[in-house]
Amino acid sequence: MAVQMKGKDILSIHELTREEVRQILETARILKMKNLTGELFQPLKGKTLGMIFQKASTRTRISFEVAMWQLGGYALFLNPADLQLKRGESIADTARVLSRYLDALMIRTHAHEDVSELALHSNVPVINGLTDRFHPCQALTDLFTIAEKKGSLAGLNLVYIGDGNNMAHSLMYGGARVGMNVTICCPPGYCPDEEITKQATADAVATGASIAIEHEPARAVEKADIIYTDVWTSMGREEEHAERLKIFAPYQLNSALLKGAREDALVMHCLPAHRGEEITDEVIDGRRSIVFDQAENRLHLQKAILALVI
Ligand code: CP
Ligand code: NVA
């Protein structure tokens, strides 16, 4: 049975039920099929999405913009440098005012608390387009892509190698909701947030999944169905780049590491990739890589979210 998601904020996968996650993935599947057959589906005629980006973006911005267009609506890019937010207007007042014009808001920013604050004072659904803690639209897309490639999700082993960052957090929450085992293989000192790890581990009980932290890439990839990586230096941490290059070097996803993985293990990356750092050309362009299908699926998955919440 369909669950009602109209008006729902999409802030983190932890705040979505299993049924809601299932519905988003199923809707994405249907909408992708409509795209492939060229069938028009425009339930959002006359609806407008506002998009605030406080950090750079290629995929999120363009896929949301195209998603609204394809659904019959309109997307408005809001440059924070041009908003009164920049001159001290509060997030709460911004939310109250924008809710009077828009049908949904998407925001990419630094502090997750700012997105929660925006959602608290907004009368329209707020979608998290990435914060320092979470990237739910990407992780939901990743679940959709894995299901597409592997046929199912429950019982699979996803091994994420690299920084215990926003992607690691969202993949743990996502895996927990769908019964997929998630291992984060990171350098000591760069583990995912403890509280989030505890919550994801608790969420995983309901679906029989497991959440694990590892530090040995060669051991971690042995049983992986999916090997996932992300940049070592996330947006906003650029000053740590040189130090991170040294610390993360043993965690590079390269051909030598893949030799120890199963023949059918797939490689994923949310992109943008820093080729030669966290992943080599050989691997990202290799036969196991599904990163560009993954990038395409942002469009289909976000269309599902927009159609469900607006
Ligand atoms: N993966 C992702 O969110 O890409 P962008 O930073 O280009 O939006
Ligand atoms: N962890 C990365 C993800 C980019 C899509 C960052 O926050 O920069």
Side-chain angles (χ1 to χ4, degrees), residues 5 7-17 20-21 24 49-57 59-61 64 78 80 83 85-86 88-96 98-99 102 104-143 160 162-177 182 184 186 190-203 211 213 228 230-240 270 272 298 301-302 305 309:
M5 292 186 70
K8 173 114 192 160
D9 297 318
I10 308 291
L11 306 187
S12 118
I13 300 179
H14 178 62
E15 291 159 48
L16 298 175
T17 64
E20 286 168 340
V21 169
I24 292 170
L49 169 76
M51 309 189 297
I52 304 175
F53 280 94
Q54 279 172 334
K55 292 175 174 176
S57 169
R59 279 144 290 271
T60 306
R61 176 173 174 184
F64 264 111
L78 305 167
L83 296 175
L85 260 179
K86 185 83 181 170
E89 185 168 18
S90 74
I91 293 176
D93 284 350
T94 304
R96 289 180 185 112
L98 292 183
S99 298
L102 300 167
L105 250 174
M106 195 242 69
I107 178 163
R108 165 170 289 196
T109 191
H110 296 273
H112 189 74
E113 295 67 32
D114 288 351
V115 179
S116 306
E117 170 85 354
L118 192 76
L120 185 68
H121 298 282
S122 165
N123 293 323
V124 297
V126 172
I127 301 168
N128 175 2
L130 179 145
T131 63
D132 288 354
R133 288 164 86 75
F134 304 115
H135 196 1
C137 296
Q138 179 68 55
L140 288 164
T141 300
D142 300 337
L143 298 179
Y160 170 100
D163 188 20
N165 60 15
N166 45 10
M167 273 319 310
H169 292 158
S170 288
L171 289 167
M172 292 195 300
Y173 277 155
R177 282 286 181 259
V182 177
I184 306 297
C186 54
Y190 292 84
C191 292
D193 177 83
E194 263 180 46
E195 194 52 39
I196 293 170
T197 307
K198 262 194 226 156
Q199 273 180 342
T201 306
D203 287 350
I211 304 293
I213 311 288
Y228 197 115
D230 181 20
V231 291
W232 291 338
T233 307
S234 285
M235 290 181 276
R237 296 194 169 270
E238 285 76 10
E239 75 287 355
E240 299 171 22
C270 58
R298 289 293 299 277
L301 192 288
Q302 286 158 196
I305 289 178
V309 304

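Quick caveat: nothing in here was measured; it's all calculated off a predicted structure.
Rounding to the nearest 0.5 angstrom, the gap separating the OG1 atom in Thr131 from the CD1 atom in Ile107 is 10.0 Å. The CZ atom of Phe53 sits 5.5 Å away from atom OG1 of Thr60, with the distance rounded to the nearest 0.5 Å. To the nearest 0.5 Å, the span separating CD on Glu20 from CD on Glu15 amounts to 10.5 Å. Atom CG in Leu143 sits 7.5 Å away from atom CG in Leu171 (nearest 0.5 Å). In this structure, CG in Leu78 is found 8.5 Å from CG in Leu49, a value given to the nearest 0.5 Å. Interatomic distance, Asn165 CG to Arg133 CZ, rounded to the nearest 0.5 Å: 12.5 Å.
The shortest side-chain heavy-atom distance between Arg96 and Asp93 falls under the 4.5 Å cut-off. Ile213 is listed as a side-chain neighbour of Cys186, based on a closest heavy-atom distance under 4.5 Å. Residues Leu98 and Ser122 form no side-chain contact, since every pair of their non-hydrogen atoms from C-beta on lies 4.5 Å or further apart. The side-chain heavy atoms of Phe64 and Ile305, taken from C-beta on, include no pair separated by under 4.5 Å. Looking at heavy atoms from C-beta onward, Arg108 lies in side-chain contact with His135 at the 4.5 angstrom threshold. Taking the side chain as every heavy atom from C-beta outward, Asn166 and Asp230 approach each other to under 4.5 Å. Contact check for Arg237 versus Asp132: no side-chain heavy atoms found under the 4.5 Å cut-off. Looking at Leu140 and Ile13, their side chains come closer than 4.5 Å, going by heavy atoms from C-beta outward.
A distance-only check finds no donor-acceptor pair linking the side chain of Glu240 to the backbone of Glu238 [under 3.5 Å]. Side chain of Arg177 to backbone of Leu16: a donor-acceptor contact under 3.5 angstrom is found. Looking only at distances, no side-chain donor or acceptor of His121 sits under 3.5 Å from a matching main-chain atom of Ala95.
What you find for Lys86 and Pro80 is that their closest heavy atoms are CB-O, 3.4 Å. Among all heavy-atom pairs drawn from Leu301 and Cys137, the shortest one is CD1-O, 3.9 Å. Looking at every heavy atom in both residues, Glu117 comes nearest to Ala92 through OE2-CB, 3.9 Å. Closest heavy-atom contact between Leu11 and Ala119: CD1-CB, 3.9 Å. In plain terms, the two heavy atoms of Val124 and Asp9 that are nearest each other are O-OD1, 4.0 Å. In terms of heavy atoms, Cys270 sits closest to Met167 at SG-CG, 3.7 Å.
Gln199 and Asp203 form no side-chain donor-acceptor contact under 3.5 Å, judged by distance and modelled atom types alone.
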Derivation of the side chain to side chain contact (heavy atoms under 4.5 Å, CB included) call for Gln138 and Leu130: CA-CA 8 Å; Gln138 179 68 55; Leu130 179 145; over 6 Å; no

Full working for side chain to side chain contact (heavy atoms under 4.5 Å, CB included) between Val115 and Val126: CA-CA 8 Å; Val115 179; Val126 172; 4.1 Å; yes

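Aromatic ring orientation, His112 versus Phe134: perpendicular (interplanar angle above 60°, classes split at 30° and 60°).
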